[in-house]
Amino acid sequence: MLDIQLLRRDAAQVAERLGARGFTFDTTRFEALEAERKTIQTRTQDAQARRNALSKQIGMLKGKGEDTTAVMAEVAGLGDELKALETRLGALQGELDGFLLGVPNLPHESVAPGKDETGNVEVSRWGTPRSFDFPVRDHVDLGEGLAQLDFAAAVKITGSRFVVMKGGLARLHRALVQFMLDVHTREHGYTEVYVPYMVNAESLRGTGQLPKFEEDLFRVPRTDADRLYLIPTAEVPVTNLVRDEIVPLDALPLKFVAHTPCFRSEAGSYGRDTRGMIRQHQFDKVELVQMVKPEESYDALEALTAHAETILQKLELPYRKVLLCTGDMGFSSAKTYDLEVWLPAQNTYREISSCSNFEAFQARRMQARFRNAQGKPELLHTLNGSGLAVGRTLVAILENYQNADGSVTVPEALQPWMAGCSCLRRE
RNA sequence: GGAAGCGUGGCCGAGUGGUUUAAGGCAGUGCUCUUGAAAAGCACCGAGGGCUGAUACCCCUCCGUGAGUUCGAAUCUCACCGCUUCCGCCA
């Protein structure tokens, strides 16, 4: 959510900056709502003050045993008026809230303007894509060739966009999780957390998935009133740890890492990446989350992105780092770097991590604050990034480490978690 | 799933319809005293919003959440949520 003070001061400038990310901010509607809110709120509060004063007077008179009929008559007409005003104010504030919850974050000044992913800017490349002296296979052929990846089984037991892994490949998947968690906790100072895989609507509103993107989520119906949702990313439960909290200054920065499955409906991506593990309804991810002081959040974004890069470097997977342009960023983000790993079979780089600074956008929705040096509550800045998407990392390893005979070499960095297995072969 | 009880500020805890502007204590902050510390004393000490040039004053809202009764609700009514204890079931 944007700072309403900023909108009141200069809605036109905000509208212009939002225009850069392809969002049309309805200045007229906002200003009309605000003007009415101001009038009604003033009138409501005046009426409340009058009622409070008169009621207090009745109490005092009764205490002294005096007659109250005159004051009672005066306050009599106030009840209906007040009720009408309060109802109207509530409706207006609800409307204004709904309006503001649908407005995306402002892009940071360092973000290049652009319409879509073609406007993104490559920042750096690491590693050199390997050249193969045999025909390159994709991860589906490799995994099925090893008899360790089974899409047909997943279709049978669940449906499309799920997968079953077996044997060494399943173990490699688990090894990746352990490896990533160990690197981030031991070398990067993150605290490991285990969190629920289902969350309530308030948590999703806090990080920005609701109310706008409900169709991307899997809903778990209970009663109508309190439905739960499967998490689309650990960002949701982990960031919401600080919702409605005031964190002491000396506890900052907070750095959490969590491994969870993620569930996405992929509505609107029919036909995209239908083959293989690239786009699944269920995938595992190791997520990095930070809550920091505002003045430190852009340094924190660089550091967090570097933490994710470390994983790719240790696995010796070639990748590039891309700064998303204004038109390609997520709803809540002020600045986002994507890390894209090299996939030989697709002969291209594919997203494997997305690292974002949300500034105070999520914190304002969550009322997530810290006590500043002056002792006053102040909104935190929140960040997160994948460190990394486990399924896609597995894909990258299969394709980059494949051998001519269809076997796959296990990257050296993972071998401590592989119980002596250094190569995946058909058993 | 059944039964009973309980949700008040960072924490403990008083308050069962009106001088409550939520008592008192603990913790915290500042000051006095002191060579220093401790102790003692004094003062300050919740959050959100409105208004405003203002982090000043003033006003509104908040006692788990939401509705209701009333001129007036922490207090009464209803629903929901959560916690505790007992029983049942269970990894």
Side-chain angles (χ1 to χ4, degrees), chain A residues 1-10 30-31 33-101 194 196-206 220-229 237 240-252 254 294-295 360 362-380:
Chain A
M1 200 149 63
L2 298 180
D3 183 2
I4 195 164
Q5 305 289 356
L6 179 69
L7 282 162
R8 285 177 191 148
R9 247 179 284 127
D10 199 353
F30 171 74
E31 280 170 355
L33 277 171
E34 253 298 284
E36 199 181 355
R37 186 230 98 224
K38 188 167 173 170
T39 313
I40 300 301
Q41 182 161 351
T42 309
R43 283 175 57 193
T44 307
Q45 292 189 354
D46 280 352
Q48 283 170 332
R50 251 182 302 148
R51 183 212 46 204
N52 290 349
L54 291 170
S55 292
K56 186 175 281 182
Q57 209 178 327
I58 292 170
M60 278 159 66
L61 289 171
K62 285 209 166 169
K64 286 188 267 180
E66 288 175 23
D67 179 55
T68 59
T69 50
V71 189
M72 295 279 264
E74 200 180 338
V75 85
L78 217 54
D80 288 345
E81 187 198 343
L82 189 55
K83 197 169 209 169
L85 282 168
E86 280 172 347
T87 306
R88 193 150 156 227
L89 183 62
L92 269 172
Q93 243 144 16
E95 208 176 328
L96 202 51
D97 251 25
F99 177 81
L100 291 175
L101 284 172
Y194 173 86
Y197 300 160
M198 289 189 247
V199 291
N200 56 35
E202 246 193 309
S203 294
L204 287 156
R205 204 175 305 121
V220 182
R222 294 204 296 182
T223 59
D224 269 359
D226 75 327
R227 58 175 70 117
L228 296 177
Y229 298 82
N240 273 277
L241 285 171
V242 292
R243 170 151 58 85
D244 295 320
E245 300 289 338
I246 302 175
V247 179
L249 188 63
D250 60 14
L252 297 178
L254 293 171
E295 65 270 24
Q362 294 180 326
R364 191 171 291 111
R365 290 171 162 241
M366 292 191 296
Q367 282 299 299
R369 295 158 294 166
F370 69 103
R371 206 167 283 285
N372 66 22
Q374 289 72 45
K376 296 286 170 208
E378 185 178 334
L379 293 170
L380 287 162

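Below, chains carry the letters A, B, ... as their sequence lines are ordered, and counting in each starts from 1. The structure presented is a predicted model; accordingly, all values stated were derived computationally and were not measured.
Between A:Lys83 and A:Glu86, none of the side-chain N atoms (NZ, or NE/NH1/NH2) sits under 4.0 Å from a carboxylate O, so this pair counts as no salt bridge.
For the OP1/OP2 pair of B:C60 and a distance below 4.0 Å, the side-chain nitrogens and oxygens of A:Lys38 include no atom meeting the criterion. For A:Arg37, a side-chain nitrogen or oxygen approaches OP1 or OP2 of B:C51 to under 4.0 Å. Contact annotation: A:Arg369 side-chain N/O to B:G48 OP1/OP2 distance is under 4.0 Å. A close approach under 4.0 Å does not occur between any side-chain nitrogen or oxygen of A:Arg371 and OP1 or OP2 of B:G46. Contact annotation: A:Arg51 side-chain N/O to B:C59 OP1/OP2 distance is not under 4.0 Å.
The residue among A:Ser55 and A:Gln48 whose nearest nucleotide of RNA chain B lies closer to the 5′ end is A:Ser55. Projected onto RNA chain B by closest heavy-atom contact, A:Asn52 and A:Lys56 fall at different nucleotides, the more 5' of which corresponds to A:Lys56.
In this structure, the CD atom of A:Gln5 is 8 Å from the P atom of B:C51, given to the nearest Å. When rounded to the nearest whole Å, the span between CZ of A:Arg43 and P of B:C51 equals 16 Å.
A:Ile58 comes within 4.0 angstrom of a base, heavy atoms only.
Taking atom P on both nucleotides, B:C63 is separated from B:U8 by 12 Å, rounded to a whole Å.
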